[in-house]
Every structure is written in structure tokens, then in C-alpha cells.
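Worksheet: the structure to be examined is printed underneath.
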Amino acid sequence: MEQHDINVIVNGQKLRRRVSARQHLIDFLRNELSLTGSHLGCEHGVCGACTIQVNGTAVRGCLMLAVQADGASVDTIEGLSDSGAIADLQDAFHKHNALQCGFCTPGMLATAAELVEQHPNADREEIRAHISGNYCRCTGYHAIVDAIATVLDARRKAAGGSGA
């Protein structure tokens with residue numbers, strides 16, 4: 001089996017590892033680094049449970065090979081949580097009962113974190129469109145959209161805007 005050396009920054013920590021050419025990034029994170037917060041669902045990039053951030057962009061960990069992450073910065077739900085970057089999103093998910101069973105939550109939060117950073121003026125339609133690739137089997141998404149909208153509004157107000 002072909003092996004490659006990669007240099008990657010995972011949750012702020014520089015790492016050098018030898019990985020199989022065919023190893024998916026989510027398997028590398030879960031099995032080699034014991035970062036099991038992101039879940040492996042459909043393994044086809046459809047459900048979004050394995051969503052992580054690579055260089056600040058939400059990606060499906062099951063569709064990206066570990067060798068493709070060479071030179072990249074990867075943030076998992078553990079890193080996003082530990083850094084405090086998504087504390088307001090986590091609080092809002094809790095307050096709006098958007099956690100449900102929790103299986104999709106890490107992927108939802110990684111996707112929502114990308115949205116609030118890159119589209120701070122997103123409205124409810126844009127929120128729905130942005131999270132449409134993340135499946136939640138527990139809810140009709142209302143609570144999740146409410147939580148994200150609350151964070152966007154609070155961040156706009158904190159930045160001096162009028163909010164929604």
C-alpha cells in the first residue's frame with residue numbers, strides 16, 4: 001500500500017504523519033488522532049456528519065483524502081470548541097433545543113461556523129441553503145435555523161449593526 005508523508009496543522013498543532021494514499025481525512029482524524037467528535041455517517045458526502053474545516057472552509061472529511069490535507073490547516077469540532085470560536089453557536093444550539101440526538105451536531109456546527117464567518121448578513125433563507133447539505137433526522141431544522149439566526153443577529157449587533 002502506497003504511503004505518503006504529510007505535514008498538517010490539526011486544531012492548531014503541527015503534525016507530520018505517514019498516511020496511506022487511500023486513507024480518507026475523516027478516518028485519519030478519527031483513527032490516527034482519536035478526534036472522534038466528527039462523525040462518519042453515509043461515507044458518500046451526502047449527510048454532512050463528517051464536516052470539518054480545512055483552511056476555514058467546511059469540507060466533507062469522507063470525500064477528502066488525508067494526503068490532500070498536506071500543508072493545510074484542519075479544524076475539527078474539538079478544535080473549534082476548545083478555541084472558543086463557536087461558543088456562541090454552541091450556546092444558541094443548546095438554548096434553541098437544536099442539539100436533538102447530537103449525531104449531526106458537530107457537522108452542523110462546523111458548517112454554521114463557516115456561514116457566520118463568511119456570510120455575516122445571511123438571512124433565514126441563506127441559512128437554510130447553507131446547511132442544506134447537512135442532514136438531521138430528528139428535526140425539521142427550525143431550531144437549528146433559529147440558533148444560527150440568533151448568533152448572526154447578536155454578532156451584527158456587537159459589530160455595531162442593527163441586527164435583523
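- When the side-chain hydrogen bond (donor to acceptor under 3.5 Å, both in side chains) test is applied to T105, no partner is found at least two apart in sequence or on another chain.
- Interatomic distance, CD1 of I148 versus NE2 of H96, reported as 10.5 Å (0.5 Å rounding).
- No donor-acceptor pair under 3.5 Å is formed between the side chain of Q90 and the backbone N or O of S81.
- Within the 4.5 Å cutoff, no side-chain heavy atoms of V19 are placed close to those of L65.
- Here D27 pairs with nothing under the salt bridge (charged side-chain N to carboxylate O under 4.0 Å, His left out) rule; sequence neighbours left out.
- Taking each heavy atom of L99 and H94 in turn, the nearest pair found is CD1-CA, 3.9 Å.
- A66 and I6 get closest at one heavy-atom pair: O-CD1, 3.7 Å.
- Contact record, S38 with T76: OG-CB, 4.4 Å, taken as the closest heavy-atom pair.
- Between M108 and N134, the closest heavy-atom pair is CE-O, 3.3 Å.
- Separating the CD1 atom in I144 from the OG1 atom in T111 is a distance of 10.5 Å, to the nearest 0.5 Å.
- Of all the heavy atoms in A122 and R156, the pair that sits closest is O-NH1, 3.7 Å.
- Distance alone, capped at 3.5 Å, is enough to place a donor-acceptor pair between the E114 side chain and the A58 backbone.
- Scanning for side-chain hydrogen bond (donor to acceptor under 3.5 Å, both in side chains) contacts around N55 gives an empty result, with sequence neighbours left out.
- Under a 3.5 Å cut-off, the side chain of S83 and the backbone N or O of L80 do form a donor-acceptor pair.
- Follow the hydrophobic side-chain contacts under 4.5 Å out from V151 and you reach Y141 in the same cluster.
- A donor-acceptor pair is defined here as one N or O able to donate and one able to accept, closer than 3.5 Å; such a pair exists between the side chain of R30 and the backbone of T36.
- Between the N7 side chain and the D70 main chain, no donor and acceptor come within less than 3.5 Å of each other.
- Annotation: R124, atom CZ; neighbour count of heavy atoms from other residues, nucleotides and ligands within 6.0 Å is above 12.
- Separation of atoms OG1 (T150) and CZ (R155) is listed at 12.5 Å; rounding is to 0.5 Å.
- The cluster map of Ile, Leu, Val, Met, Phe, Trp and Tyr, joined by side-chain heavy atoms under 4.5 Å apart, puts L63 and I131 in different clusters.
- The cluster map of Ile, Leu, Val, Met, Phe, Trp and Tyr, joined by side-chain heavy atoms under 4.5 Å apart, puts L109 and L152 in the same cluster.
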Below 3.5 Å, can you tabulate the donor-acceptor pairs from side chains in residues 45-52 to any protein atom, sequence neighbours excluded?
from : atom 1 : to  : atom 2 : distance (Å)
T51  : OG1    : G48 : O      : 2.7
T51  : OG1    : R60 : NH1    : 3.1

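- Between E32 and R18 no salt bridge is recorded (no basic side-chain N to carboxylate O distance below 4.0 Å).
- Taking E126 as the reference, nothing meets the salt bridge (charged side-chain N to carboxylate O under 4.0 Å, His left out) condition, with sequence neighbours excluded.
- Considering NE2 of H142 and CZ of R128, their distance stands at 5.5 Å, rounded to 0.5 Å.
- Every residue was checked against the salt bridge (charged side-chain N to carboxylate O under 4.0 Å, His left out) condition with R137, not counting sequence neighbours, and none meets it.
- A 6.0 Å sphere centred on CZ of F103 holds more than 12 heavy atoms belonging to other residues, nucleotides or ligands.
- Between atom CG of residue L33 and atom CZ of residue R17 there is a gap of 5.5 Å, rounded to the nearest 0.5 Å.
- Hydrophobic cluster membership is shared by I86 and I127, with clusters built from Ile, Leu, Val, Met, Phe, Trp and Tyr side chains linked at under 4.5 angstrom.
- Not a single donor-acceptor pair under 3.5 Å links the side chain of R16 to the backbone N or O of D5.
- A donor-acceptor pair is defined here as one N or O able to donate and one able to accept, closer than 3.5 Å; such a pair exists between the side chain of Q53 and the backbone of A110.
- When every heavy atom of C62 is checked against every heavy atom of H24, the shortest pair comes out as O-CD2, 3.0 Å.
- V74 is not connected to I9 by any chain of hydrophobic side-chain contacts under 4.5 Å among Ile, Leu, Val, Met, Phe, Trp and Tyr, and they are in different clusters.
- For the atom pair L40 CG and L29 CG, the distance stands at 11.0 Å (nearest 0.5 Å).
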